[in-house]
Amino acid sequence: MATAPRIWEKLETIDARIIYLILWIVILWPFIYPIGLPVSIGSYSLAYAKAIDDLPAGSIVVVSFDFSLGGLGELYPIAIATLHHLFTKPVKIVIIAIWSDGAIVADMVLKDLKPDQPPYNRKYGEDWIFLGYAPGGETAMAALGKDFWSTLPTDYYYKKHVSTYPIMQNLRSANDVTLLVSLETGTPGADEWVRQWYVPYKVPMIVGCIGVMAPTVAPYLAGGQVKGMLPGLRAAAEYELIIGRKGLGVASADALSTSHMVFVIFVILGNISYFMRRRSK
Amino acid sequence: MDITPLLSQQILKSGRVSGMVFLLIIAASTAYFIRRGKAGKVPYLRKVPGLDAIDEAIGRATEMGRPVFCSHGIASIADATYGPQTIAGLSVLGYVAQLCARYGVRLIVPVRQLVVYPIAREIVENAYRMEGKLDQFRVEDIVYLSGWQFGYSMGYMSLMRREKAGANIMVGGYWAESLQLAEVGYMVGAMQVSGTANTHQIPFFVVATDYTLIGEEIYAAGAYLSKDPAMIGSIVAQDIGKYVSIALILLGFVLLIFGNDYIIQMLRW
Amino acid sequence: MSLLRRVEIPIAITIIFALIQVIPYFVNMGPAVEATQDKVVRWTLIVSTGALLVGLTSLLLIHVPRVTRRRTHWEYSLLLIAFMFLMTIIGLPFPELNLGLTGYWFRFFYNNVLTPLSASLYAILAFYITSAAYRAFKARSLEAALLLISGTILVLRNAPLGTFLIPQIADLGDWIFNIPNMAVNRAIMIGGGLGAMVLGIRVLLGYERGYLRGGE
Amino acid sequence: MSVELFGVLLGVFFTLAVYTFLYRENPYSRIAEYVFIGAATGYGIAYDLDWLKNQWVGTWSKTMEDSILFVLALLLAVLWYFRFSKRYFFLYRIPLAITVGTYIGLALRSVVFAQVIEQVRSTAALKVVGIDPWTAFNNLVTMIIVVCTLAYFTFTVRQEAAFWKPVNKFARYAMMIGFGSAYGYTVLTRMSLFIGRVQFLLGIPPNPPEAKMFFPWVALVLLGTLLGYDYYKKTKK
C-alpha cells in the first residue's frame, strides 16, 4: 500500500489555488442558482422585528444612517428590509444621517424603495421625511436630542424649513421619539447614541450593524438599552425571513452557508490527511 | 488615604488620579531598574522563543541566498494609541539590519507611513555603517509603498513573491493585512516571525506564521535584543506593572465578595 | 550648526513636547494651558505633513530612474507616476475649478479605481483565511487542537446552516467568544498597555533612541 | 460608451485583476498594484493639501499670532526634506522629535486609562455573590483567565515554583481557545466582504447593473490570457 499515503500527503500539501477556485465557485453559485438553504432565526433578530411590530400607531421612529459607502455590502439589505418593515406600519418615520456619506446612502435606499408609491403609498412630509446629514458626530446626537428643529432646520430633498411639514409638528426633542433605529459601522454609533439619547431621554433603540460590531453592541442588549440587533448579512437574512420579504440577505445567506461549510470541510479534510499520513509513517 | 483635599483645591483632576499614580509607579520603577542595570545588576530574563527565532530566520535566508523582509507595522509614529507599537517595531528593525549587514544578506523594508520612512532608512543605514558595510546599503530597498493600507499590503505581497523572500519579520501594529502578508510569506517559503499588540490580529499571526510575539512581548523586544543591561532593567518595570494589576484585581475581587468595593472606587479617582 | 547636530537636541525636544501632553492632563493648570495643549497637537499635525514631501520624493527616486533607464517593469512605474500626478492634480483644493475631493473627476477615480481595488484586496482575506486554516488548523498537540475546535465552533456558529443543523452551537459559540476570548484579550491588552507605557518612559528618559538613530 | 459605463468597466477590471494575484503574480495584478499605489499616493497628497487649506482657512488665519505659528509649522515641516541632504540631514530630526514627543505624550496618558486602569477595574468589579450562579461562574472564569494570562507573560522571574506550571498551562490553553474563536468569528466578515465583491461583479443592487455585462468577458480575457500563456510556456518546454 504505497499509494494510499501518497494521496494523503498530496492532500495535505494541496495547492492553495484549488482551495481558492472552490471558494469562488461556492460563493458565485448561489447567486446564479439560489439554493434556499435553511436559516435558523436568532433571538436578536426576533427582538429587532418585534420592536418594530410593537410600535403603537402614530408613534415617531427616527432612522439614522451612521455609515458610509464602505458599509453598504452588509448594511444595504438591512436598511432596505428595515425601512420596508417600517413603511408598512402606521408610524411616522424621520430619516437622518450622522455620517456625511450616510445621507448619500439613505438617498440610495429611499430611491430604491420609493415609499410614496405602491405598495407603501406613504406621503412625504406627513408620514415620513428625510432630513439629511447632521454634522458633528456625538455633539450632533446631543443637539438633536435637545432640539430637532434647530439642529436640522431644513429637509434634504426640498430644503424647506421643517416647520412647514406636518410630521415635524410633533417632533421637537428626543422625548417625542418612540424608537431609534441606528444603522452603523463604527464610531459614532451605538455607544454614542446610548450616551446621548438613552441615558438622558430613555429612548429605546434597535441597531443594524456590520458583523464585527456585534461584540461591542451586545453589552447594551444585555443591559436593555438596545432592544434588538441585526449584525451583518446573516442577520439580514433572518430578518428578511421574519418579515416575509426575501431579498439580498437571503440570497447572501446561501453563499454564507456554502462558504462556511467549505471552510469546515477543508479543516476536516486537512486533519484527516494529517492523521492518515502520520499513521502510515 | 484621602485625596479629597487635593481634588477640592483643584490641584489634581478627578477621575485621573488613579492613572497618574499608576504612571508614576511605572516611571519610577523604570528609572530605578535602568540605573540598577547600568550598575551591572542585570535581572534574569526568560527566553522569548519568538525573539530568538529572528537569528534563525535571518540565518536561514542567508543560506538560501534569499532576501530578508522586515516591517514595523502600518501605524504612524504620530498616533496616540498605536504609535508605540511602531517604535517597538523599529527597535527590532535596528537589530535585524545589523544582522543582515553582518551576514551580507539583502534586507528589504516595506514602509507604509511617510513619517516613519526617513527613520527606517536611517536605522538601516546606521546599522550598515556600524558593521562597516555602508557600501552594501541599498537605499532603494527601504521602500515606501503606499499610504493606503491595502495598497501597502498589495505592494508588500508582490514584493515578497517577486524577490522570493527567505525570511519575513513583522513586528508592530498590524490590521487586516496581517493575514495577507503572513499567507503570502508562507507561500513563498519564508520563515516568519511576527508580533503585534493588536489583540484582534494576534490569532492570524499565531495561525499563519512560525513564531508570534504576543502583546507586550513586542515592547520588550528592543531591550531583549539589544542585550543592553540598562534596557533589560526597564523590562522589570513591565513586570512590576503586572504585579500591581494582578494585586488590584485579586484584592478588588475578594473584597467585593465581602461587599466592599473600595478598590473599584479607588480606580475611579 | 554643530550644536544642532548633537542627538541631545532632538531628545530634549521629544521630552518637552511629551510633557506638554502629560502633565496638564493630570495636574490642574487652568483652561488656558489645556487650550494650548490641544493647539500643540493640531500644530504638530501640520509639522508632520512635511513627511509627505519625503515620501513623495522617495517614491519618485525609486520609479523615475526605473523609467528613464528602462529597467524591468519600467512601464508599470510609469503608470504609477501617471496615476499619482493625475490624482494629485484633480484633487487640488480648488473647488472653483471643479477640482478637489468633491470634484467630479476625483470622485470618478475614487469610486471606480480606488474603491474597487481597495475593497477587492480587503476581500482577498476570504481566501487567505481559508487556506491558512487548512494548513494550520491541525490537531498536532492539545493546544493546536483547542485552537482548531474553538475556531470551527465559531465558524459553524456563524453559518446560517450551522445553527440550523446544531442549534446548541449558537450558545456555545457565544460563550467561547464572550468569556475566554474576551478575558484573554483583556489580559493581553493590560500587558500591552504596560509595555507601551514603559516604552514611553524610556523615550522620556532618553534611552529609547531607535527612532533617532539606528540602535546605537 | 458613456463615461459612467467606462467607470463600471474599470471597476470590474480592477476587481478581477486583484484576484488574478491568487493564481500568481502577473501583469494584470502588477497593473492593479502600481495603479493602486500611484492613485492612493495622489489621493493622500490631495487629501493632506485639502486638510492644510482647511486648517488655514478655518483656524489659523484668524489671528496674527496663529498665522505666524502656522508658517512656523510649515517651515519646520520643510525640515523633513533635509533627510535627503548629506550635510544637514540631522535637521530632519527636529520635526521628528516634535511629532514623536507629542504622540508619546498622548499615548502615555491615554494608554494608562483605556488599556490598564479600565481593564483592571472591570475585572476587579466582577461579582460572584448575589447574582445567578451561571454569571458568577463566568465571572470567576474570566477573572482567573485574566490573572493567569497576565502572570504567564512575566519576563524577569524564574518560573520554578510548583504553581507556575499549571498557571502557564492554563493560560496557554485559554489563549488558544480565545485565538481560535476570534479567528473563526472573523471568517464571517471576510466572507461577507467577498460576497460584497461578487454582488458587485454580478451587478446586484445597489451596485451598477451594467457590471454583470462586463464580468464574464473581462474574466474570460484575464483568465484566458494567463492560463493560455502558462500552457504555451509549459508545452514549449
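Just so we're on the same page: letters track the sequence lines, and every chain starts at 1.
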Under a 4.5 Å cutoff for heavy-atom pairs, which residue among [options] has the most contacts with chain B?
{"options": "D/Met143, D/Glu118, D/Lys127, D/Gln159", "result": "D/Met143"}
{"options": "D/Phe153, D/Tyr185, D/Phe89", "result": "D/Phe153"}
{"options": "D/Asn139, D/Val146, D/Leu106", "result": "D/Leu106"}

Structural part of [X] lying under 4.5 Å from a heavy atom of chain B:
{"X": "D/Ser110", "value": "side chain"}
{"X": "D/Ala151", "value": "both"}
{"X": "D/Arg109", "value": "neither"}
{"X": "D/Val128", "value": "side chain"}
{"X": "D/Ile104", "value": "side chain"}
{"X": "D/Val129", "value": "side chain"}
{"X": "D/Tyr152", "value": "backbone"}

Checklist line | Check: B/Arg16 side chain, D/Phe113 main-chain N or O, donor-acceptor pair, under 3.5 Å | finding: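 Checking the backbone N and O of D/Phe113 against the side chain of B/Arg16, no donor-acceptor pair under 3.5 Å is found.
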Next item on the list: Give a yes or no answer on whether the side chain of B/Asp239 reaches the backbone of D/Thr154 with a donor-acceptor pair at less than 3.5 Å.
Entry: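 Flag not set: sc B/Asp239 to bb D/Thr154 has no pair under 3.5 Å.
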Which heavy atom of [X] sits nearest to which heavy atom of [Y], and what is that distance?
{"X": "D/Ala124", "Y": "B/Leu256", "result": "O-CD2, 3.9 Å"}
{"X": "D/Ala125", "Y": "B/Ile264", "result": "CA-CD1, 3.7 Å"}
{"X": "B/Pro118", "Y": "D/Arg83", "result": "O-NE, 3.4 Å"}
{"X": "B/Ile119", "Y": "D/Tyr92", "result": "CA-OH, 3.8 Å"}

Rounded to the nearest 0.5 Å, how far does [atom2] of [Y] lie from [atom1] of [X]?
{"X": "D/Ile117", "Y": "B/Trp269", "atom1": "CD1", "atom2": "CH2", "value": "11.5 Å"}
{"X": "B/Ile246", "Y": "D/Thr123", "atom1": "CD1", "atom2": "OG1", "value": "11.0 Å"}
{"X": "D/Ile37", "Y": "B/Trp148", "atom1": "CD1", "atom2": "CH2", "value": "13.0 Å"}
{"X": "D/Gln119", "Y": "B/Ile249", "atom1": "CD", "atom2": "CD1", "value": "9.5 Å"}
{"X": "B/Thr199", "Y": "D/Gln115", "atom1": "OG1", "atom2": "CD", "value": "8.5 Å"}
{"X": "B/Ser146", "Y": "D/Tyr43", "atom1": "OG", "atom2": "OH", "value": "12.0 Å"}

Any chance [atom1] of [X] has more than 12 other-residue heavy atoms, nucleotides or ligands included, within less than 6.0 Å?
{"X": "B/Tyr44", "atom1": "OH", "result": "yes"}
{"X": "D/Tyr47", "atom1": "OH", "result": "no"}
{"X": "D/Lys165", "atom1": "NZ", "result": "no"}
{"X": "D/Phe163", "atom1": "CZ", "result": "yes"}

Please state whether the side chain, the backbone, both or neither of [X] comes within less than 4.5 Å of a heavy atom of chain D.
{"X": "B/Gln149", "value": "neither"}
{"X": "B/Val254", "value": "neither"}
{"X": "B/Pro84", "value": "side chain"}
{"X": "B/Val115", "value": "both"}
{"X": "B/Asp79", "value": "backbone"}
{"X": "B/Tyr82", "value": "neither"}
{"X": "B/Ala78", "value": "both"}
{"X": "B/Ile87", "value": "side chain"}
{"X": "B/Val48", "value": "side chain"}
{"X": "B/Gln238", "value": "side chain"}
{"X": "B/Leu255", "value": "neither"}

Margin query: Is the ring pair D/Tyr183/B/Phe204 parallel, tilted or perpendicular, if the boundaries are 30 and 60 degrees?
Written below: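 If you compare the ring of D/Tyr183 with that of B/Phe204, the planes turn out tilted.
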Next item on the list: Please tell me if the side chains of D/Tyr103 and B/Ile77 come closer than 4.5 Å, counting only heavy atoms from C-beta onward.
Entry: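 In short, these two side chains do not touch, never coming nearer than 4.5 Å.
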Check: If contact means a heavy atom pair closer than 4.5 Å, which residues of residues 21-30 of chain D contact chain B?
Finding: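 Interface residues of residues 21-30 of chain D: D/Phe21, D/Arg24, D/Glu25, D/Ser29, D/Arg30.
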Margin query: Which residues in residues 221-237 of chain B have any heavy atom closer than 4.5 Å to a heavy atom of chain D?
Written below: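 Only B/Ile235, B/Val236 of residues 221-237 of chain B have a heavy atom under 4.5 Å from chain D.
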Pick whichever of [options] has the most heavy-atom pairs under 4.5 Å with chain D.
{"options": "B/Tyr243, B/Tyr117, B/Tyr152", "answer": "B/Tyr243"}
{"options": "B/Gly19, B/Ala176, B/Ser76", "answer": "B/Gly19"}
{"options": "B/Ile214, B/Ile263, B/Val206, B/Ile257", "answer": "B/Ile214"}
{"options": "B/Arg162, B/Met20, B/Met187, B/Met266", "answer": "B/Arg162"}

